[in-house]
Peer 1: 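Below is a structure I'd like to ask you about.
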Amino acid sequence: VGKQSHSRKMYGSCGSCDSAKAVFDGIRHPTVYSWNHLIKAYVRNGGLHAARQAFERMSQRDTVSWTLLLTSTAKNGDIREAHQLFERMPEWDLVSWTSMFTAYAQNGFLEEAKSMFDGMSARDAPCWNAMFTAFAQNDSLTSAKEMFQRMPQWNVQSWNAIVTAYAQAGDLREARTLFERMPQKNPLSWGAMIQALADCGELEEAKVMLENVPSDDVIPWTTMVVAYAQKGQVEEARRLFKRISAPDMVARTAMVQAYVENSRLEEARSLFDGMPERNGVSWSSMIAAYARKGDLMEAKKLFDRMSSPDLMTYTTMIEAYAQHGHIQHSKVLFDRMPEQDTVSRTAMVVCYAFNGELEKARELFESIPNKD
RNA sequence: CUGGCCGGAGGG
């Protein structure tokens with residue numbers, strides 16, 4: 001058992017499910033605690049399915065196990081399954097309630113979220129934060145502000161969240177004021193403020209702050225790379241990117257995008273090729289880049305190299321064919337998709353319509369379950 | 001730092 005505590009860090013933090021599992025298998029008497037670590041390792045590496053299997057194999061589960069699975073299921077968009085997990089769990093606590101109503105809010109069910117929140121007998125700062133952030137993200141800055149003022153105690157996250165809420169509503173002045181008045185700051189506070197400035201077009205001020213932040217967090221750097229790229233200032237984006245000591249997948253993908261948006265395909269591609277890890281976002285950015293240029297061959301070559309393209313990458317490729325009049329190819333891919341969503345179906349409807357196949361377009365349209 | 005709240009990249 002002493003082995004466990006030595007190995008504990010290994011489970012999730014070294015980025016590999018397999019090694020986490022290897023360590024795990026070496027434990028003679030896994031505890032709930034170590035099982036939860038394993039589940040978390042799977043979740044972190046996108047293996048929700050594996051996480052679910054591990055969950056089912058556990059001899060006993062605690063509230064943490066249930067909540068962990070609930071949250072990751074919800075983040076994967078499966079709110080029904082998340083709700084079932086919530087119903088099935090034997091014990092509820094403040095965290096599991098907060099997780100559940102947050103899941104509702106993030107999946108567009110603000111009413112349900114609010115009614116759960118209202119029904120709670122005890123609430124802590126994260127709970128209040130989750131609720132007012134949900135309002136802010138649904139364009140109800142007023143409600144968010146009221147809740148922020150009403151909540152009995154704040155943590156750093158509360159302040160970060162309210163700063164972001166004001167900035168997203170376009171009130172940079174108030175965001176700045178709140179930022180200055182924050183009782184404490186953490187690296188995310190700076191990140192949030194830099195993002196706020198960038199969103200409101202204050203790139204120079206954002207950059208000054210970036211240069212003076214007491215942390216070398218990659219996220220604000222990525223924010224600025226994106227911001228400059230969007231203004232067409234690729235060179236500045238590239239300079240900032242080069243200064244990131246340990247660019248992660250998101251930062252690299254953002255830089256690939258930056259090159260793409262500014263018609264520098266070769267550089268995008270060579271950065272892409274050198275990436276140690278890629279995800280659907282990286283691939284689809286690169287694929288879309290070739291598609292836009294009209295190089296469907298290269299786009300498809302990349303697409304075929306993916307082990308299991310996600311929804312969005314499929315849709316990107318379908319769109320690519322459609323825009324060049326190859327509806328048949330679009331259709332083949334569409335039918336081959338493991339699952340379709342409203343966006344992909346709508347894209348296909350548009351394909352048919354543009355191709356003059358109005359009956360097919362209509363038929364598909366009628367079959368879409370949730371038209372938004 | 002075993003689970004919930006805050007800042008960064010892709011599709012109609």
Side-chain angles (χ1 to χ4, degrees), chain A residues 8-9 11-13 31-41 43 62-72 74 93-103 105-106 124-134 136-137 155-165 167-168 186-196 198-199 217-227 229 248-258 260 279-289 310-320 322 341-351 372:
Chain A
R8 184 194 327 167
K9 278 209 263 324
Y11 286 127
S13 43
T31 60
V32 179
Y33 186 83
S34 46
W35 273 101
N36 289 344
H37 271 284
L38 182 70
I39 292 182
K40 185 179 179 162
V43 167
D62 62 9
T63 315
V64 174
S65 334
W66 285 92
T67 308
L68 189 47
L69 196 63
L70 188 165
T71 303
S72 40
D93 63 9
L94 177 53
V95 175
S96 54
W97 273 75
T98 305
S99 305
M100 189 65 240
F101 84 68
T102 303
Q106 287 170 348
D124 60 4
C127 176
W128 282 92
N129 294 346
M131 196 65 245
F132 85 72
T133 300
Q137 285 167 352
N155 59 14
V156 190
Q157 287 91 333
S158 322
W159 288 93
N160 294 346
I162 199 72
V163 165
T164 299
Q168 282 170 350
N186 67 8
L188 268 76
S189 318
W190 299 94
M193 194 61 225
I194 289 169
Q195 182 68 40
D199 283 347
D217 190 354
V218 252
I219 292 184
W221 288 85
T222 308
T223 299
M224 294 307 294
V225 165
V226 172
D248 62 7
M249 181 169 58
V250 175
R252 289 179 212 258
T253 304
M255 192 62 226
V256 167
Q257 271 287 125
V260 168
N279 65 6
V281 182
S282 334
W283 285 97
S284 66
S285 306
M286 206 60 241
I287 290 170
D310 61 16
L311 264 172
M312 290 194 186
T313 309
Y314 262 109
T315 311
T316 300
M317 197 63 228
I318 288 171
E319 264 293 299
D341 66 357
T342 307
V343 175
S344 55
R345 292 188 181 110
T346 307
M348 201 59 220
V349 167
V350 174
C351 290
D372 53 10

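Every value quoted in this text rests on a predicted model; they were computed, and no experiment measured them. To find a chain, count down the sequence lines: A is the first, B the second, and so on, and within it residues start at 1.
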Peer 1: Classify A/Ser65 by what it touches in the nucleic acid, base, sugar-phosphate, or nothing, heavy-atom distance under 4.0 Å.
Peer 2: nothing

Peer 1: For the pair A/Asn279 (side chain) and A/Ser282 (backbone), establish whether a donor and an acceptor sit closer than 3.5 Å, ignoring hydrogens and angles.
Peer 2: yes

Peer 1: When the distance from CG of A/Asn36 to C1' of B/G3 is rounded to whole Å, what number comes out?
Peer 2: 8 Å

Peer 1: Just how far, in rounded Å, is P of B/G11 from CZ of A/Arg345?
Peer 2: 20 Å

Peer 1: Would you measure the distance from the P atom in B/C5 across to the matching atom in B/C1 and give it in whole Å?
Peer 2: 16 Å

Peer 1: Using a 4.0 Å heavy-atom cut-off, does A/Val343 contact any base of the nucleic acid, only the sugar-phosphate backbone, or nothing at all?
Peer 2: base

Peer 1: With no angle test and no hydrogens, is the base of B/G3 tied to the side chain of A/Ser96 by a donor-acceptor pair under 3.5 Å?
Peer 2: no

Peer 1: Counting only side-chain heavy atoms from C-beta out, which of B/G7, B/C6, B/G12 sits nearest to A/Thr342?
Peer 2: B/G12

Peer 1: Is there a donor and acceptor pair closer than 3.5 Å between the side chain of A/Asn279 and the base of B/G10?
Peer 2: no

Peer 1: Determine whether a donor-acceptor pair (one donor, one acceptor, N or O, separation below 3.5 Å) exists between the side chain of A/Asp93 and the base of B/G3.
Peer 2: yes

Peer 1: How close or far is atom P of B/C1 from atom CG of A/Asn186, stated in whole angstroms?
Peer 2: 14 Å

Peer 1: Need one value for A/Leu94: base, sugar-phosphate or nothing, where a base atom within 4.0 Å counts as base even if backbone is also close, heavy atoms only.
Peer 2: base

Peer 1: Specify the separation, in whole Å, of atom CD of A/Gln137 and atom C1' of B/C6.
Peer 2: 9 Å

Peer 1: Name the closest nucleotide to the A/Ser344 side chain, picking from B/G11, B/C5, B/G3.
Peer 2: B/G11

Peer 1: Checking side chain to side chain contact (heavy atoms under 4.5 Å, CB included) for the pair A/Val163/A/Ser189: CA distance, chi angles, key distance, verdict?
Peer 2: CA-CA 9 Å; A/Val163 165; A/Ser189 318; over 6 Å; no

Peer 1: With heavy atoms under 4.0 Å as the rule, sort A/Val226 into base, sugar-phosphate or nothing.
Peer 2: sugar-phosphate

Peer 1: Can you tell me how far the SG atom of A/Cys351 sits from the CZ atom of A/Arg345, to the nearest 0.5 Å?
Peer 2: 14.5 Å

Peer 1: Would you measure the distance from the C1' atom in B/C6 across to the matching atom in B/G10 and give it in whole Å?
Peer 2: 23 Å

Peer 1: What nucleic acid atoms does A/Ser282 come within less than 4.0 Å of, heavy atoms only: base, sugar-phosphate, or nothing?
Peer 2: nothing

Peer 1: Confirm from the modelled atom types if A/Ser284 and B/G10 form a donor-acceptor pair under 3.5 Å, side chain to base only.
Peer 2: yes

Peer 1: Between B/G10, B/G12, B/G4, spot the one nearest the side chain of A/Glu319, thanks.
Peer 2: B/G12

Peer 1: Determine the contact category for A/Ala251: base if any of its heavy atoms lies under 4.0 Å from a base atom, sugar-phosphate if only primed atoms, P, OP1 or OP2 are that close, otherwise nothing.
Peer 2: base

Peer 1: When we call it a touch if two heavy atoms are under 4.0 Å apart, what does A/Asp199 touch: a base, just sugar-phosphate, or nothing?
Peer 2: nothing

Peer 1: Decide side chain to side chain donor-acceptor pair (under 3.5 Å) for A/Asp124 and A/Asn155; before the verdict, give the C-alpha distance in whole Å, the side-chain angles of both, and the deciding distance to 0.1 Å.
Peer 2: CA-CA 10 Å; A/Asp124 60 4; A/Asn155 59 14; over 6 Å; no

Peer 1: If you check the A/Asn129 side chain, which of B/G11, B/C5, B/U2 turns out closest?
Peer 2: B/C5

Peer 1: Can you tell me how far P of B/G4 sits from CG of A/Asp124, to the nearest Å?
Peer 2: 13 Å

Peer 1: Which of the following nucleotides, B/C5, B/A9, B/G4, is nearest to the side chain of A/Asn155?
Peer 2: B/C5

Peer 1: Which nucleotide wins on minimum distance to the side chain of A/Pro220, given the candidates B/G7, B/C5, B/G11?
Peer 2: B/G7

Peer 1: Of all the choices, B/G8, B/C5, B/U2, which nucleotide is nearest to the side chain of A/Lys40 once you look at every atom?
Peer 2: B/U2

Peer 1: As an exercise, state the distance from CG of A/Asn36 to OG1 of A/Thr67, rounded to the nearest 0.5 Å.
Peer 2: 9.5 Å

Peer 1: Hey, does the side-chain of A/Thr67 have a donor or acceptor N/O within less than 3.5 Å of a partner on the base of B/G3?
Peer 2: yes

Peer 1: Need one value for A/Thr63: base, sugar-phosphate or nothing, where a base atom within 4.0 Å counts as base even if backbone is also close, heavy atoms only.
Peer 2: base

Peer 1: Check the distance between B/C1's P and A/Leu188's CG and give it to me in whole angstrom.
Peer 2: 15 Å

Peer 1: Nearest-Å distance, CD (A/Gln168) to P (B/C6)?
Peer 2: 11 Å

Peer 1: Heavy atoms under 4.0 Å, any strand shown: does A/Thr98 hit a base, just sugar-phosphate, or nothing?
Peer 2: base

Peer 1: What nucleotide among B/G7, B/C5, B/G11 has an atom nearest to a side-chain atom of A/Ile219?
Peer 2: B/G7

Peer 1: Could you check how far CD1 of A/Ile287 sits from C1' of B/G10, rounded to whole Å?
Peer 2: 10 Å

Peer 1: Looking at B/G8, B/U2, B/G7, which one has an atom nearest to any side-chain atom of A/Thr222?
Peer 2: B/G8

Peer 1: Give the nucleotide from the list B/A9, B/G3, B/G7 with an atom nearest to the side chain of A/Gln257.
Peer 2: B/A9

Peer 1: Please determine, by modelled atom types, if A/Ser34 and A/Thr31 share a side-chain donor-acceptor pair under 3.5 angstrom.
Peer 2: yes

Peer 1: So what does A/Ser189 hit on the nucleic acid, given a heavy-atom distance under 4.0 Å: a base, only sugar-phosphate, or nothing?
Peer 2: nothing

Peer 1: To the nearest 0.5 Å, tell me how far A/Thr63 OG1 sits from A/Leu68 CG.
Peer 2: 12.0 Å

Peer 1: Indicate, yes or no, whether a donor-acceptor pair under 3.5 Å links the base of B/G8 to the side chain of A/Asp248.
Peer 2: yes

Peer 1: For the atom pair OG1 (A/Thr98) and CE (A/Met131), what is the distance rounded to the nearest 0.5 Å?
Peer 2: 11.0 Å

